[in-house]
Every structure is written in C-alpha cells, then in structure tokens.
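Below is one structure, written out as structure tokens; the observations come after it.
Numbering of residues begins at 1 and proceeds along the displayed sequence. Small disclaimer: the values here were computed from a predicted structure and weren't measured.
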Amino acid sequence: MAFMSGLFVIEVAILSMRALSESDFCPSRSRVKPSCPPEWQLWGSACYRLTSSKYNWDDAMTACQDVGGKMAAPRSLEELNFMVELVRKVDSPYYRTWIACNDRDVEGTWECDGQEGGEPFLKWNYGEPNDNGNQDCVQISAFHYDGMDDAGCGKLFRAFCVRQAACTHLITQPRQYCVSTDTHGRILNSTCLLDHSIREFISKGVVACGSPCAQEPGCRSFNIKKTEDGKKICQVNNSTEDLLFLSYVLRRNVL
C-alpha cells in the first residue's frame, strides 16, 4: 500500500483580538460591531449619555465616572451636533449642559479633556467667552444657540458623559488553505475548489498566498497550484471545500 497524494486543509485565522485600553475605541473594521449599554447612545465608536441629575462641574465629573465613563468634550462640529441632538431629546429645549473644558489653570487658556497637546475644539457663541464673574467652566446651552459659553463652575447643570463602546467581533465563515502534496511533501497541482477563484497570481509560497486572502473581503480559502515549469500559482477563492473542517485536518488518499 502506498501513499499517492495528500490533501492538507488548514484553517487560516483572519481576525486578531486586540486588547483595547480605556482611551481606545473600536477599530474601524467591517467585522467589528460597536455597542452600548442601556441608557447610552452610540455615535461613531463611543457611547454617550447625560447625567441623571444636575451637578456643579466637579461633581458632574464624578457623576460620569460613577456610571463608567468620563465627562465628554466634543472634538468636531459633527460630534457637537450629535450631543446637541441627544440633549434636546432627553432634557428640556432650554437645556444647559456641562462639557469637559475649563481654563482654571491659566485664565483664557482653555483645556478640554482628551484634546491635550493641541488647540481644543471650541465653538463659542457670539461674545463668548467673557469671564463674567470668574467663569472657568464650559457649558453648551440652548440660550447660546447650541454653542459654548463660559460659566461659573458652581452652577448646577447636567453633563455629557462618554465611554468606550463594547467591541463585538462578528462570527465569520472560516477561511481555509488547501494544497496537495506527494509523499515527499512536494506540491502537486491541487484539485480543491476548482471554479471558485476570485483571482490568481504567481506566488512564492503559503504566506505570500495567504496574506492577500486575509486582505480580500470575499476570500474564504486559497489554493496553491504548481505549473509545469515549476511556478506556484496562488488562487484566491470565494468558497471553502467544507465549512465543517476542524482547525487542522489531514486527509490522505490511500491505495
């Protein structure tokens, strides 16, 4: 009895789990879905909510931390518009809401949490900031046409809170690698997954063939075929031979 050929099928892991720090958001990948806890609203890859009660600026910072987030400071007009829409739905149309910006350290030098090292995003209403009576903290207010105003930090307002969204990695169809070899481990012309090729190209080996498959959204497997003149042809396929294969399966045809 002799071994005529072997067909190796190796599942290729495409998605890598990345540890996220508290300051990171969900990576921008089609197979990663951000989600928020109840009472939080998703925008982009972060979650937002308002404090349930009104606080002075310092206590509002603590209140956001108590619900698992931190006080928010918009970094763009788009983010500001989202926050305004959120507060109009939750609070009265005459809202006043704290954000994480202040000039306590140096009068007139405004600092916003998460925007250190550069010019912070500040959309002041006309005539603001005016520091009318030691106003060192920033509010967004309907009275200021959804713009920003400096206010006394002891005033009682709700506050915007933000937290990292939960990153759910979607389950996808496994991708597999197929190549036929003889009894000496030499690559033969593979017969797996014929007529399922998205594209093919000359490849130096398994890694050079597998990398394009990992980057191709429609790729579910790849083959390596050997031509008569010794070249290796990589085929990127839109299907797999069997979706129920284990991570590493060795099948041999025995005569």
Quiz item: Who else is in Trp57's hydrophobic cluster (ILVMFWY, side-chain heavy atoms under 4.5 Å, direct or via others)?
Solution: Met61, Met71, Trp98, Phe157

Self-check item: Of all pairs that satisfy disulfide bond (SG atoms under 2.5 Å apart), the ones with a partner from residues 78-118, not counting sequence neighbours
Solution: Cys101-Cys112

Exercise. List for me each residue that meets side chain to side chain contact (heavy atoms under 4.5 Å, CB included) alongside Asp66, sequence neighbours excluded, and say none if there are none.
Key: Thr62

Quiz item: Is the backbone of Leu77 close enough, under 3.5 Å, to the side chain of Asn81 for a donor and an acceptor to pair up by distance?
Solution: yes

Quiz item: How about Phe160 and Tyr48: are their ring centroids closer than 6.0 Å?
Solution: no

Could you give the side-chain donor-acceptor pairs of residues 136-143 under 3.5 Å, partners two or more places apart or in another chain?
residue: Gln139; atom: NE2; partner: Asp149; partner atom: OD2; Å: 2.8
residue: Ser141; atom: OG; partner: Phe143; partner atom: N; Å: 2.9
residue: Ser141; atom: OG; partner: His144; partner atom: ND1; Å: 3.4

Self-check item: Where at least one partner belongs to residues 109-119, residue pairs that pass side-chain hydrogen bond (donor to acceptor under 3.5 Å, both in side chains), sequence neighbours excluded
Solution: Lys70-Asp113

Quiz prompt | Sequence-distant partners of Arg96, salt bridge (charged side-chain N to carboxylate O under 4.0 Å, His left out), two or more places apart | solution = none

Quiz item: Can you list the residues that meet the side chain to side chain contact (heavy atoms under 4.5 Å, CB included) rule with Gln65, with sequence neighbours excluded?
Solution: none

Quiz prompt | Residues Phe121, Met148; criterion side-chain contact (heavy atoms from CB on, under 4.5 Å); working and verdict | solution = CA-CA 10 Å; Phe121 172 80; Met148 298 179 184; 4.2 Å; yes

Practice problem: Using salt bridge (charged side-chain N to carboxylate O under 4.0 Å, His left out) as the criterion, list what pairs up with Glu79, not counting sequence neighbours. | Solution: Arg75

Quiz item: Which pairs count as disulfide bond (SG atoms under 2.5 Å apart) when at least one residue sits in residues 58-93, sequence neighbours excluded?
Solution: Cys64-Cys161

Quiz item: Which pairs with one or both residues in residues 47-64 pass salt bridge (Lys or Arg N to Asp or Glu O under 4.0 Å), sequence neighbours excluded?
Solution: Glu39-Arg49, Asp58-Arg104

Quiz item: Excluding sequence neighbours, so at least two apart, what forms side chain to side chain contact (heavy atoms under 4.5 Å, CB included) with Glu78?
Solution: Trp43, Ser76

Quiz item: By salt bridge (charged side-chain N to carboxylate O under 4.0 Å, His left out), which residues pair with Asp146, not counting sequence neighbours?
Solution: Arg88

